[in-house]
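In what follows, a single structure is set out as structure tokens and then discussed.
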2 protein chains.
Amino acid sequence: MAVRHRRQAPTQADIARAAGVSQGAVSAVIGGRSAEQRIPRETAQRIMDAARELGYVANTAARSLKGKRNRLLGVHTFESVFPISQRDFYHEFLIGIEEQAVAVGYDLVLFTSTEDPTGQRRVYRDGANRLNVADGSVLLGIGSNNSDLARLAADGYPFVHVGRRDVPDTEIAWVGADYSSATAELVGRLTTLGHRQVSYVGYAERYEASRDREAGYRSGCASNGITPGVAYLEQDDVTAQWLDRSLATGVTAFLVERQEVAMRIAEYSAARGLSIPDDLSIALIGASGGSSASRRWSTLGIPRNQMGREAVRLLVDMLTAPDVPREFQILLPCTAPDDSTIAAAPPRR
Amino acid sequence: MAVRHRRQAPTQADIARAAGVSQGAVSAVIGGRSAEQRIPRETAQRIMDAARELGYVANTAARSLKGKRNRLLGVHTFESVFPISQRDFYHEFLIGIEEQAVAVGYDLVLFTSTEDPTGQRRVYRDGANRLNVADGSVLLGIGSNNSDLARLAADGYPFVHVGRRDVPDTEIAWVGADYSSATAELVGRLTTLGHRQVSYVGYAERYEASRDREAGYRSGCASNGITPGVAYLEQDDVTAQWLDRSLATGVTAFLVERQEVAMRIAEYSAARGLSIPDDLSIALIGASGGSSASRRWSTLGIPRNQMGREAVRLLVDMLTAPDVPREFQILLPCTAPDDSTIAAAPPRR
DNA sequence: CTGTAGTGCTAATACGTAATAGCGAAGATT
DNA sequence: AATCTTCGCTATTACGTATTAGCACTACAG
């Protein structure tokens, strides 16, 4: 026996014929509108029986063609990654997205086909916007392509970006994490712990998120009477000399955006007989990649799951009630770092 | 400024208007049939330009209504789980599926909407078959609903099940793991290690996979001259008494389908001063749930990633060349358990 | 100047469903 | 008797695409 495909499924017209009514009547009964259409119980029953008899199943394509909606939400990541890989930074977002999709009864389209030969993921490929297969989409990615976003917005395609994103001259919907407040509060906490010099060490490349953190850092410094000290460093920029200089200026705490940088600092300070967190506090305030951590760090928690959920909620709201005024930009609070690598400042010399 | 959306996606009619031709001409050009329709290069170019300009993308609903494909593959899991959760048994399958989808340029539809209020996942819900939005689907699940599968097959819907699945009177396409050979080989290996009594402890509920393992066990016993000893146990059925009785009959190795059962055995045998694997060998031959293992076990490896990939490959083959005769049932080899909890049999008393 | 062959399209239709407008018959009201 | 309501539906249309039939025109042969 071979696996067979392609058989004609019964349609409402078939049922109508069997029950001796019109297709419209069948649609009304199946769609639960028999009251409005004044189909009496008896006829409705006859129709239902015929439908069951023939094994009728509504054709979703026809339904969505009529209703202009597919109940499909797209998920698009700009980074060239398998979005569902758990090693991936995005995985936890995905879970939130999926949980909410289940809750609202939408299906998800994972846009995996949008990868071009160079591994780049673009929305517009061959001039076509594949996202259109979904009613709306959730977009993820640090390196989101601004021109893609602007064009999508100009096209009126409904989407929500996960992570704050500024596109000039365009207001786009996003759900972000409130790095700014969280970082400011962290500076406050360190101050309370006696730190007087807190250094911020950021990505060399400045994304929205890192700018938010720096802004929070600066405002935290300001409101706590601390002089800010900002450096933008790649991993290899972190040298023993740099650390010595920092320590010489009295820095006792570092806010670091990259785990690699934190590891370097830990390494060099260990060589100098400094222990963490007793002599030096370090907090990770960037996005921690995977769980490949060689040690626990005090880390600013990104509410990834919730961000995913909120993005879907906002998107579905936008789809179901397009004209209701609402907040298109949502900031969710981060969770504060724990005490792993944060402690009271050492006694001053 | 407000976020504007819900502009109607452009249709072929819009393009036609822009290019000054008829909708049919647009369809012909977009569908690559401009030759047959005798659309000259110049006009075709004009149409393509307009399409690009407007960001046209074919409406999936209309396309499938016409019986055409959308380059969309569905993924449906019968278990009520978030399929992308990494805690999930299915996650690794998903990754394989996604990798292959990327490779062949299809997008994936995660069917999350098919969950009914009781948490059950069914294909046919509310009298509609959501799967139809995808050209074909990959189905996952130990507890796959046979009537759903039979109906899908009867409807001629193209799908591939991940995991061997027997549906009476219907041949279903699937990609499975060759538990049977692997278990038989494992019995052989244990025999070589000197074990003379190897016990099989299976799920109380018998799925295809567990039946395969038992069959392999029995054939392995037969070809190695061992008397089989089979038990179907839930976690709580594993008592100290049961273990004592087993050991009394001379059992020195257990093939266990559930990690929980293995843990019980380990616990009770430790209480009797038996160490694993020196006094007792244990191999896990079932599907290990997550990575919540309290210890490493010698485990039969399921080629999950490859199964996912193969399922997609088979499905796409079925879609692109429906009438080519081919294997619809694919068995992939398992990887043998390592030596964590398997060792030579203790000297006989 | 008619007939024929191509060229470049357009017009029309089908797919299955949902929604809206409305029709004929029966009964109720004036 | 004439009008109005209500009932129980049907007929029609729209959604966007693919496909088929065929029309209007030109070029050329005879």
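Just so it is clear, the model here is predicted, and its values are computed rather than measured. So you know, we letter chains A, B, ... as the sequences are listed, proteins then strands, and number each from 1.
- For B:Arg313, the side chain to side chain donor-acceptor pair (under 3.5 Å) criterion is met by B:Glu310, not counting sequence neighbours.
- Residues forming a side chain to side chain donor-acceptor pair (under 3.5 Å) with B:Asn132 (at least two apart in sequence, or on another chain): none.
- Within the nucleic acid shown, A:Arg63 comes within 4.0 Å of sugar-phosphate atoms alone, with no base atom in reach, counting heavy atoms only.
- A straight line from CZ of B:Arg17 to P of C:dT10 spans 13 Å, rounded to a whole angstrom.
- Remark: A:Arg33 is in phosphate contact with C:dA19, judged by side-chain N or O atoms under 4.0 Å from OP1 or OP2.
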B:His161 and B:Phe159: CA distance, side-chain angles, deciding distance, ring pair (Phe, Tyr, Trp, His ring centres under 6.0 Å) verdict: CA-CA 7 Å; B:His161 194 275; B:Phe159 70 94; 7.7 Å; no

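- Under a cut-off of 6.0 angstrom, the local environment of CD in B:Glu36 is crowded, with over 12 non-hydrogen atoms contributed by other residues, nucleotides or ligands.
- Across residues 25-32 of chain A, A:Ala25 each have a non-hydrogen atom less than 4.0 Å from an atom of DNA chain D (numbered order).
- Protein chain A touches strand DNA chain D; the 5'-most and 3'-most nucleotides with an atom under 4.0 angstrom of its non-hydrogen atoms are D:dC7 to D:dG16.
- Every residue meeting the salt bridge (charged side-chain N to carboxylate O under 4.0 Å, His left out) condition with B:Arg122, not counting sequence neighbours, appears here in chain and number order: B:Asp148.
- Between the side chains of B:Ser137 and B:Tyr157, at least one donor-acceptor pair of N or O atoms lies under 3.5 Å.
- Rounded to 10°, the helix from C:dC1-D:dG30 to C:dT30-D:dA1 has 80° between the axis fitted to its first five pairs and the one fitted to its last five.
- In this entry the distance linking CZ of A:Arg38 with P of C:dA21 reads 13 Å, nearest Å.
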Determine all donor-acceptor pairs shorter than 3.5 Å in which one atom belongs to a side chain in residues 48-58 of chain A; sequence neighbours excluded.
residue, atom, partner, partner atom, Å
A:Asp49, OD1, A:Gln45, NE2, 3.0
A:Tyr56, OH, A:Gln12, NE2, 3.3

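- Within the nucleic acid shown, A:Ala58 comes within 4.0 Å of sugar-phosphate atoms alone, with no base atom in reach, counting heavy atoms only.
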Write out a two-atom table: protein N or O, nucleotide N or O from nucleotides 11-15 of chain C, distance below 3.5 Å.
residue, atom, partner, partner atom, Å
C:dA14, N3, B:Lys66, NZ, 2.9

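- Residues A:Leu73 and A:Val109 form no side-chain contact, since every pair of their non-hydrogen atoms from C-beta on lies 4.5 Å or further apart.
- For the salt bridge (charged side-chain N to carboxylate O under 4.0 Å, His left out) test, residues two or more places apart in sequence or in another chain that qualify with A:Asp14 are A:Arg17.
- No engagement by A:Ser64 is indicated, since no non-hydrogen atom pair under 4.0 Å with the nucleic acid exists.
- Under the side chain to side chain donor-acceptor pair (under 3.5 Å) criterion, B:Thr320 pairs with no residue at all, not counting sequence neighbours.
- Under the salt bridge (charged side-chain N to carboxylate O under 4.0 Å, His left out) criterion, B:Arg309 pairs with B:Glu99, sequence neighbours left out.
- Taking A:Asp107 as the reference, B:Arg130 meet the salt bridge (charged side-chain N to carboxylate O under 4.0 Å, His left out) condition, with sequence neighbours excluded.
- Residue A:Glu36 contributes atom CD, which lies 12 Å from atom C1' of C:dA18 at whole-angstrom precision.
- Using a 30° and 60° split on the angle between ring planes, A:His91 and B:His91 fall in the perpendicular class, above 60°.
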